[in-house]
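Report on the following structure.
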Amino acid sequence: MTPLLEAVQPRSAEPVPAAASLADPMLPRPFEVRRVQAETYDTYTLELAPADGRPLRFRPGQFNMLYLFGVGEVAISISGDPGRPSPLVHTLRAVGAVTRGLCALKKGDVVGVRGPFGNEWPLDEAAGHDVVLVAGGIGLAPLRPAIYRLLAERKRFGRVVLLSGSRSPQDILFRHELERWRSRFDLEVVVTVDYAAGDWNGLVGVVTTLIPRAGFDPTDTVALACGPEVMMRFATRELERRGVPTERIYLSMERNMKCAVGFCGHCQYGPHFICKDGPIFPYRAIAPIFEIREV
Amino acid sequence: MREGSTMNVLERDALDLLFTSLKERGFTLVGPTVRERAIVYDEMFSAADLPWGWTDRQEAGTYRLERRADDAAFGFTVGPHAWKRFLFPPVQSLFRAERSGSKMALRPAGPFAARYALIGVRACELAAIDRQDKVFLGGTYVDPVYRQRREGAFVVAVQCGQAGGTCFCASMGTGPRAGSGFDLALTEVLEDGRHWFLVEEGSERGTEVVATLPVRAATEEEIAAAGRAVERAEAEMGRTLDTEGLRELFLRNYENRHWDRVAERCLGCGNCTMVCPTCFCATVDDVTDLAGQAAERVRRWDSCFTIDFSYLHGGSVRSSIAARYRQWITHKLATWTDQFGAPGCVGCGRCITWCPVGIDLTEETRALRALDHGAPAAPQGGAS
């Protein structure tokens, strides 16, 4: 176990320069819906074009606050290609009033966008090493910009492994893209589901069971994980068991968020603000509180 | 006392001229006044609105106004209000949105300017304002509402001449003497049948205001008399908090049975967070007009004691009161230091006084210390 007092101090990667409006960080910018794509029965990808034509540049792992007129605002990670910032791409699950409303939008509707906020996946630090990405459910969405970047700069990295788990075959996100990536020789993609009917020919089992056999060198790997907290708990255990050092394991965390700029207090996680110190943390920095309930 | 600062004497009957001078400079005056059997901060029109001759008696879960034997204007400590209600309003519009067809126009709610003269700010409250400055002005993003209100404000501090039953600013190192952070500081002195104020200047603006007042230079003896008043306050602090290793104490006791014991008493009402002068958490409400064409986003003070506060899809992260109390006190006394470089507690004692069941954070900290199993073994070379 990492000594507690030491571990709360180091923060994840360097702060990313602010791109949201510095003058009024609470004021969204209008974006027009260009396309709504159903990924699964409850998950949709929105393509948004800035009304003022100014693309929203971002780094892999960052998120925006999406405002649905009169209903509310939610923090949603960016799922598009950082090399092609326009249109802005978000993938979200319809689970609450705002996300249900956002998923029901049609081409031509307008939403408000504030951002980008938060830090990025440590891809520069990962250069020269193997990279393993562990995704649980919609946790694949914030990892997708990292995958685009890894593929765009493929030569900078060692082996790249994507382990992706979903609840059932009906819940698999980015299915065609996963197929395409799986056919590449420079990327190992393993997809599993928690449960399936007889017509599923793939793997069954939680995503963390893939870690022991995945093709990466644990002593020379940077691991990026995003998914439900319980999944990330088991993922860190399996990664540690294989010998990946805690400071090379990065987790993208989630908490209730109202402002995304460190004012509202909702996203506090021990000494950290998920919005401005995260959402991505080296596991080492949060290890002391990661196993404690109700922090 | 500020080196080289001028000390002047203002007689009791001339205090109202200070109010007049500030009004003439365009400030809206806010300060302590008696309302609903408490001393609250509200708009003031003259010095007559001050709580002359009133004092307060405070204990855990108890606040009572009482008549004083003299007619002191500032002869009380702090009430349920904090200055944050003027700098960081409890309800604040953030923006308005209008929809026509598929278009949406977003308009900022500002300007947020209001030029307040805050009259009667205590040392602990100056520290609290400094803590909120770090939250709203000290990071990458600056809160435009807070910035405009804070930059416009004129601060008249009052040096405490007495301490309340729940005060512990001396433990937190924030008082009772206000050393900086004000434009003017008053010390009220009632001695030998005289009633006057020592006026200390803290800024050029303050000096300009003093120049309009019928003051005279204070004598050595008058300065000493004012100093004695503050020493009296220091000597009668109602509470103490041992701050030795405070941050580490809380960080190593996330898991401690003490939290369940507090939860047996804590109602989760959030009073402590509403009266706290540093608590800054807020939520937002979205409202629309009946036609659904105009919408507004409004920020409201929130409390980490509500069940919704930590809500994520699937439920609340902190569903138990034990976890919510732990979050609040750990933030105040420990993690605030990680975030902003100083504790989030200034020792004003409001959370103790206004807790309906009298939970006392100095007492709870002592109880946690008693159950603390000590510091963990020294870190070993940084390896995990």
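These numbers come from the heavy atoms of this one structure, side chains and all, not from hydrogens, waters or symmetry mates. Throughout, a chain's letter reflects where its sequence line sits, starting with A, and its residues are numbered from 1.
Rounding to the nearest 0.5 angstrom, the gap separating the CG atom in Asp308(B) from the CG atom in Asn256(A) is 8.5 Å. Interatomic distance, Leu368(B) CG to Arg257(B) CZ, rounded to the nearest 0.5 Å: 11.0 Å. For the atom pair SG of Cys264(A) and NZ of Lys258(A), the computed distance is 7.5 Å after rounding to the nearest 0.5 Å. Considering CZ of Arg114(A) and CG of Leu56(A), their distance stands at 12.0 Å, rounded to 0.5 Å.
Neither the backbone nor the side chain of Lys106(A) comes within contact range of chain B; no heavy atoms are under 4.5 Å apart. For chain A, no part of Phe250(B) is nearby; none of its heavy atoms comes within less than 4.5 Å. At a 4.5 Å heavy-atom cutoff, Thr337(B) makes no contact with chain A through either its backbone or its side chain. Heavy atoms closer than 4.5 Å to chain A are found nowhere in Ser316(B), neither backbone nor side chain. For chain A, the nearby part of Thr288(B) is the side chain; its heavy atoms alone come within less than 4.5 Å. The part of Arg297(B) that comes within reach of chain A is its side chain, from C-beta onward, which places non-hydrogen atoms under 4.5 angstrom from that chain. With a 4.5 Å cut-off on non-hydrogen atoms, Arg93(A) touches chain B through its side chain but not through its backbone. Heavy atoms of Val111(A) lying under 4.5 Å from chain B belong exclusively to its backbone. Arg324(B) does not touch chain A: none of its heavy atoms, backbone or side chain, sits under 4.5 Å away. When heavy atoms are compared at a cutoff of 4.5 Å, Gln268(A) approaches chain B by way of both its backbone and its side chain. Within the 4.5 angstrom heavy-atom criterion, only side-chain atoms of Asp302(B), from C-beta onward, approach chain A. Neither the backbone nor the side chain of Thr330(B) comes within less than 4.5 Å of any heavy atom of chain A. For a residue to count as touching a neighbouring chain, one of its non-hydrogen atoms must lie under 4.5 Å from one of that chain's; by this rule Gln132(B) does not touch chain A.
Taking the ring centroids of Tyr67(A) and Phe95(B), they lie under the 6.0 Å cut-off. In this structure, Phe263(A) has its ring center closer than 6.0 angstrom to the ring center of Phe136(B).
By number of non-hydrogen pairs under 4.5 angstrom with chain B, the leading residue of Arg29(A), Arg293(A), His266(A) is His266(A). Comparing Ala323(B), Ala334(B), Ser320(B), Ser310(B) by how many heavy-atom pairs each has under 4.5 Å with chain A, the most go to Ser320(B). The candidate with the highest count of non-hydrogen atom pairs below 4.5 Å against chain A, out of Arg326(B), Arg318(B), Glu255(B), is Arg318(B). Most heavy-atom pairs under 4.5 Å with chain A, from the set Val284(B), Asp285(B), Leu94(B), Val142(B): that is Val142(B). Between chain A and the options Ala295(B), Ala282(B), Ala294(B), heavy-atom pairs under 4.5 Å are most frequent for Ala282(B). The candidate from Gly270(A), Gly262(A), Gly112(A) with the greatest count of non-hydrogen atom pairs under 4.5 Å with chain B is Gly270(A).
Judged by the 6.0 Å and 45° rule, Arg233(A) forms a cation-pi pair with Phe290(A). Cation-pi geometry between Lys84(B) and Phe88(B) is not met at under 6.0 angstrom from the ring centre and within 45 degrees of the axis.
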Apply side-chain hydrogen bond (donor to acceptor under 3.5 Å, both in side chains) to the pair Asn253(B) and His258(B), showing each step before the final yes or no. CA-CA 9 Å; Asn253(B) 280 292; His258(B) 180 64; over 6 Å; no
Could you give me the CA-CA distance, side-chain angles and deciding distance for Gln327(B) and Glu294(A), then say whether side-chain hydrogen bond (donor to acceptor under 3.5 Å, both in side chains) is met? CA-CA 9 Å; Gln327(B) 165 63 23; Glu294(A) 296 190 76; over 6 Å; no
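For the ring pair (Phe, Tyr, Trp, His ring centres under 6.0 Å) with Phe280(B), the lone residue among Trp301(B), Trp336(B), Tyr146(B) that qualifies is Trp336(B).
Enclosure of atom OH in Tyr311(B) by more than 12 non-hydrogen atoms of other residues, nucleotides or ligands within 6.0 angstrom is indicated.
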